[in-house]
Amino acid sequence: MDVTPIIDPLNDAQREAVTAPAGPVLVVAGAGSGKTRVLVHRIAWLIQVEGVSPLGILAVTFTNKAAAEMRSRIEQLLDMPVANLWVGTFHGLAHRLLRRHWREAGLPQTFQIIDADDQQRIIKRMIRNLDLDESTWVPREIQWFINAQKDEGLRPGNVDDRGDHSRRQLIKFYEMYQDTCERSGLVDFAELLLRAHELWLGNPELLSQYQRRFRHLLVDEFQDTNAIQYAWLRVLAGDTGVPFVVGDDDQSIYRWRGARVEHIRNFRNHFPGTKTVRLEQNYRSTGTILNAANAIIANNSTRLGKKLWTEGDQGEPIRIYAAYNERDEADFVVNRIVEWTNGGERRSDVAVLYRSNAQSRVFEERLIQLGVPYRVYGGLRFFERAEIKDALAYLRLMSNRADDASFERVVNVPPRGIGARTLDTVRNYARGNAIPMWQAALTGAGGQLSARAAGAVARFVEIIDAMERDVSGLPLHEQVDHVIRASGLIEHLEKNKNERAEARIENLEELVSAARGYEPGDEEEDMTPLDAFLAHAVLESGETQGESWDDCVQLMTLHSAKGLEFPLVFIAGMEDGLFPHRRSVTDAESLEEERRLCYVGATRAMRQLYLTYAEQRRLHGVDNFGQPSRFLTEIPEEFFEEVRPRVNISQPVFRRRDEPQSGGMRLGQRVRHRKFGDGVVLGVEGSGAHARVQVNFESAGTKWLVMSYAKLELM
DNA sequence: AATATCTTGCAGTCG
DNA sequence: GCAAGATATT
């Protein structure tokens with residue numbers, strides 16, 4: 001057998017990992033050191049050299065995109081399809097298991113997955129039903145709390161209230177929310193993972209069946225696994241499973257989602273005899289880019305410690321551009337992109353990265369103006385658009401009448417005379433009798449409705465029932481097509497003849513073609529094509545949509561750029577408060593996470609890296625003056641040069657940290673006030689005599705102070 | 001009950 | 001600057 005294609009393209013460290021004997025392996029792999037390659041080659045090695053059946057291998061990736069890429073690279077390397085190899089995200093794999101074993105997992109066969117938006121609606125409605133004040137009990141915070149508990153693997157009964165009143169209330173909300181979901185057969189993202197874990201714990205024979213099957217467990221982006229994912233994996237590994245995990249503590253950017261870098265550090269304790277391999281040679285970026293990235297990340301205190309190096313050239317300096325405002329920033333970036341493509345380079349080799357999705361708009365406007373094709377990743381994804389979710393809600397209700405969330409969403413969309421009062425009656429009746437709202441609607445809420453309302457409700461019930469009848473036996477896309485028409489959604493939008501409505505109709509039609517192009521994987525064996533499609537819509541939310549490999553400039557958040565690489569990279573919005581984000585600057589740990597995010601961003605660049613910031617930025621419709629990001633000041637001067645094409649600009653250029661502006665105030669700065677005591681700067685607004693700072697004082701709370709009056713002492 | 005107009009709060013990152 | 005929610009109007 002010829003193994004040269006598998007091991008020849010590898011360096012020594014990579015080869016050591018790929019050919020390691022069966023036993024736990026931890027690969028600490030820096031950015032661009034070929035970690036995907038190691039995983040792909042390891043799998044190929046197992047199959048071709050060790051003779052492991054693809055059936056016995058489980059590979060976990062972080063995104064669906066990465067999963068698809070891994071599979072195709074393995075197939076390319078082995079030159080054969082490996083359909084029975086399980087590759088997917090934790091969520092995708094958990095879903096697959098729950099579909100297979102819904103009974104053992106205690107779920108209805110028709111359970112459906114909800115996204116964060118659906119989840120929030122359910123919580124909002126719950127708070128309203130309880131007649132509680134939404135400003136005291138903020139739905140978003142309740143949602144955050146519930147998900148955090150689930151990420152830690154905790155059910156309401158296991159959460160410690162710490163004797164705290166409001167915590168006790170949050171636990172109650174968790175309990176109620178969970179009841180609602182269970183009555184409606186709904187499963188949120190975190191629940192997928194928790195249920196899959198409980199599936200192991202509650203069914204030892206099932207577990208051992210999977211333990212026997214999956215001897216080899218490979219995990220990518222291991223630094224971003226959360227407690228429940230890691231627990232799930234450890235249980236599955238048991239005493240016989242052989243984990244092979246790849247990660248980089250410097251690229252851990254999902255702490256806010258429950259991910260824990262400690263998993264990398266603890267791995268060796270959990271799996272005795274672990275072989276550790278370090279990959280530090282970088283094949284991606286120029287020396288300058290690497291040096292700068294190394295310098296930035298060196299400011300973090302909690303690291304395993306690692307320094308990337310390259311045999312390649314130093315390359316060009318990093319370029320820093322101080323824009324006047326966010327439009328100037330976009331102008332600059334797009335002009336550089338045009339120069340790039342005029343030089344014969346490809347647009348798809350360019351990425352514009354930013355901290356938050358809202359930043360994409362200005363770039364889009366400018367790109368459209370100049371006719372440059374682009375693609376935005378993330379943001380408002382296809383399956384998250386309101387009209388698409390309406391259509392999906394019809395489909396879900398058709399498939400599962402107990403889905404109250406979907407019922408509420410579409411019962412009066414388009415308007416059919418079922419208003420708030422009618423709905424209240426139906427809802428109360430349903431709650432009183434512990435039945436789904438659909439049931440309640442069938443009986444006209446036990447006869448409590450007025451004749452007119454009862455008629456309207458009956459017509460709605462008939463629409464859904466008729467839909468199900470008319471659709472049976474049709475291919476998936478025709479089902480979808482029928483439903484968007486029979487629901488009246490299209491007609492409703494047609495009446496409304498503005499541009500936005502037209503775009504929405506196009507989106508609905510796009511949904512039909514998405515259904516036409518959808519092929520259920522083999523994991524969806526037991527599901528109807530419709531249910532499989534609905535699950536796909538929530539889990540992928542359009543990530544793999546529009547895979548039309550047109551030559552497009554790529555716009556995305558720093559988070560979604562993880563794992564990707566581009567010859568030319570722009571990181572925009574390098575301002576304190578934006579990046580690092582204002583919510584992360586008051587806490588050392590989250591600030592370090594922001595710094596890792598910066599490191600991730602910088603190491604995406606292969607040849608050229610631009611960092612831009614705006615001196616003035618419009619946020620929420622008001623102009624704010626910001627300071628250059630502290631991360632910029634962490635780059636040694638020999639690695640960058642400033643770009644300043646505009647002449648006669650009164651504003652000075654990029655300032656080093658210690659040159660004071662606004663009296664040296666920056667976010668996160670600790671200050672002392674004569675009366676209020678010690679605090680932390682949360683915001684800076686304006687400049688000169690009008691400059692104001694927002695300070696969170698330890699004892700006096702949050703206050704806005706005019707800088708020229710309040711004599712704040714820097715600490 | 002539906003439609004038109006206003007006000008509010010908002011956006012931190014993801015599957 | 002935009003969308004959802006609240007309020008006013010028909």
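Sequence lines set the chain letters: A, B, ... in the order given, protein chains first and strands last, and positions in each chain run from 1.
- Between B:dC14 and A:T557, a contact under 4.0 Å exists linking OP1 or OP2 to a side-chain N or O.
- Note: CD (A:Q143) to P (B:dG12) measures 14 Å, nearest angstrom.
- Bounding nucleotides for the chain A contact on DNA chain C, 5' to 3', at a heavy-atom distance below 4.0 Å, are C:dG1 to C:dG5.
- Less than 4.0 Å separates DNA chain B from at least one heavy atom of each of the following residues of residues 353-367 of chain A: A:R355, A:S356, A:N357, A:A358.
- Using cut-offs of 30° and 60° for the angle between ring planes, the A:F533 and A:H536 rings count as parallel.
- Considering only residues two or more places apart in sequence or on other chains, A:R409 meets the salt bridge (Lys or Arg N to Asp or Glu O under 4.0 Å) condition with A:D390.
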Could you walk me through whether A:L98 and A:L192 pass the side chain to side chain contact (heavy atoms under 4.5 Å, CB included) test, one step at a time? CA-CA 8 Å; A:L98 295 177; A:L192 280 174; 3.9 Å; yes

Listing, residues 410-418 of chain A side-chain donor-acceptor contacts under 3.5 Å, not counting sequence neighbours, or none:
residue	atom	partner	partner atom	Å
A:N412	OD1	A:R416	N	2.7
A:N412	OD1	A:G417	N	3.4
A:N412	OD1	A:I418	N	3.3
A:N412	ND2	A:I418	O	3.0
A:R416	NH1	A:Y394	OH	3.0
A:R416	NH1	A:V410	O	3.0
A:R416	NH1	A:V411	O	3.0
A:R416	NH2	A:Y394	OH	2.9
A:R416	NH2	A:S487	O	3.1

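- To the nearest angstrom, P of B:dC14 lies 16 Å from CG of A:L539.
- The list of salt bridge (charged side-chain N to carboxylate O under 4.0 Å, His left out) pairs with a residue in residues 131-144 of chain A, not counting sequence neighbours, reads A:R128-A:E134.
- Atom CD of A:E134 is separated from atom C1' of B:dC10 by 14 Å (rounded to the nearest Å).
- Contacts classified as salt bridge (charged side-chain N to carboxylate O under 4.0 Å, His left out) and involving residues 450-463 of chain A (residues at least two apart or in different chains) are given here: A:E462-A:R469.
- Between A:L597 atom CG and B:dC14 atom P there is a gap of 10 Å when expressed in whole angstrom units.
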Can you list the steps and then say if A:W232 with A:Y230 is a ring pair (Phe, Tyr, Trp, His ring centres under 6.0 Å)? CA-CA 5 Å; A:W232 181 84; A:Y230 190 34; over 10 Å; no

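- Within 4.0 Å of A:E191, counting heavy atoms only, lies no atom of the nucleic acid at all.
- For the pair A:A386 and A:R618, both in contact range of DNA chain C, the more 5′-proximal nearest nucleotide belongs to A:R618.
- To the nearest whole angstrom, the two C1' atoms, one in B:dT13 and one in C:dA4, are 22 Å apart.
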Are there any protein N/O atoms within less than 3.5 Å of an N/O atom in nucleotides 1-8 of chain B, and if so, which ones and at what distance?
residue	atom	partner	partner atom	Å
B:dA1	OP1	A:T422	OG1	2.9
B:dA2	OP1	A:G417	N	2.3
B:dA2	OP2	A:N412	ND2	3.3

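- Nucleotides C:dA6 and B:dA11 place their P atoms 15 Å apart, quoted to the nearest Å.
- Put simply, CD on A:E384 is 9 Å from P on B:dC14, counting in whole angstrom units.
- Phosphate contact (OP1/OP2 of B:dG12, side-chain N/O of A:H581, threshold under 4.0 Å): present.
- Mapped onto DNA chain B by nearest heavy atom, A:V138 and A:T89 fall at different nucleotides, with A:V138 at the one closer to the 5' end.
- In this structure, A:E221 atom CD and B:dC14 atom P are separated by 14 Å, rounded to whole Å.
- Across all strands, A:K124 comes closer than 4.0 Å only to sugar-phosphate atoms, never to a base (heavy-atom distances).
- Ring-to-base geometry places A:W256 in a stacked arrangement with B:dT13 (centre distance under 5.5 Å, plane angle under 30°).
- Residue A:Y254 is classed as a sugar-phosphate contact, given heavy-atom separations below 4.0 Å to backbone atoms only.
- The salt bridge (Lys or Arg N to Asp or Glu O under 4.0 Å) search around A:E575 returns A:R617, not counting sequence neighbours.
- Under the rule for a ring pair (Phe, Tyr, Trp, His ring centres under 6.0 Å), the partners of A:H91 that lie at least two apart in sequence or sit in another chain are A:F189.
- As rounded to whole Å, 8 Å separates atom C1' of B:dA11 from atom CZ of A:R583.
- Atom C1' of nucleotide B:dG15 and atom CZ of A:F62 are separated by 8 Å, given to the nearest angstrom.
- Contacts of A:Y174 classified as ring pair (Phe, Tyr, Trp, His ring centres under 6.0 Å), with partners at least two apart in sequence or in another chain: none.
- Legend: residues meeting salt bridge (Lys or Arg N to Asp or Glu O under 4.0 Å) with A:E384, ordered by chain and number and at least two apart, are A:R381.
- Judged as a ring pair (Phe, Tyr, Trp, His ring centres under 6.0 Å), and not counting sequence neighbours, A:W102 has no contacts.
- By the 30° and 60° cut-offs, the orientation of the rings of A:H263 relative to A:F222 is tilted.
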